[in-house]
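Here is the structure we will look at, set down as structure tokens.
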Amino acid sequence: EDEAARAALERALELEPGLAAAWVDRGALAESAGDLDEAERCHGRALELEPDLTIAWLNLARLGRLGTTRPLEELLERGAPGPAAESDLQ
């Protein structure tokens with residue numbers, strides 16, 4: 001099953017290398033295979049494409065590698081993406 005998912009992601013990234021969600025999924029597969037360096041690289045690539053992609057930030061934090069892809073100070077300076085403010089929902 002992982003091989004089929006990996007092959008589908010590789011094909012998706014060949015066709016659309018700027019698809020941040022596919023990079024996140026690729027990172028999750030790498031993590032499940034125990035390749036934390038590759039997982040970090042994939043989540044980092046997703047953030048290069050979509051800097052406010054919360055799931056990529058969360059995955060890096062869970063991996064304990066938040067500060068290695070981008071300095072934590074940068075995230076704190078610009079504000080981490082978070083839930084929408086109530087005023088944004090109206």
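Remember, it's a predicted structure, so these values are computed and weren't measured experimentally.
The shortest heavy-atom contact between Ala30 and Ala39 is CB-N, 3.7 Å. Across every non-hydrogen atom of Leu47 and Trp57, the tightest pair is CD2-NE1, 3.4 Å. Between Leu63 and Glu40, the closest heavy-atom pair is CD1-N, 4.2 Å.
For the salt bridge (Lys or Arg N to Asp or Glu O under 4.0 Å) test, residues two or more places apart in sequence or in another chain that qualify with Glu31 are Arg62.
Hydrophobic side-chain contacts under 4.5 Å tie Leu9 into a cluster, directly or through other members, with Leu29.
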**Message:** If you apply the rule side-chain contact (heavy atoms from CB on, under 4.5 Å), what do you find for Asp35 with Asp37, and how did you get there?
**Reply:** CA-CA 6 Å; Asp35 190 348; Asp37 290 335; 4.0 Å; yes
**Request:** Applying side-chain contact (heavy atoms from CB on, under 4.5 Å), run through His43 and Leu53 and close with a yes or a no.
**Result:** CA-CA 10 Å; His43 294 306; Leu53 190 59; over 6 Å; no
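Side-chain contact between Arg6 and Arg26 is absent, with no heavy atoms from C-beta onward closer than 4.5 Å.
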Throw together a table of side-chain donor-acceptor distances under 3.5 angstrom for residues 12-24, partners on residues two or more places apart or in other chains.
{"from": "Glu14", "atom 1": "OE1", "to": "Arg11", "atom 2": "NH1", "distance (Å)": "3.4"}
{"from": "Trp23", "atom 1": "NE1", "to": "Pro17", "atom 2": "O", "distance (Å)": "2.9"}

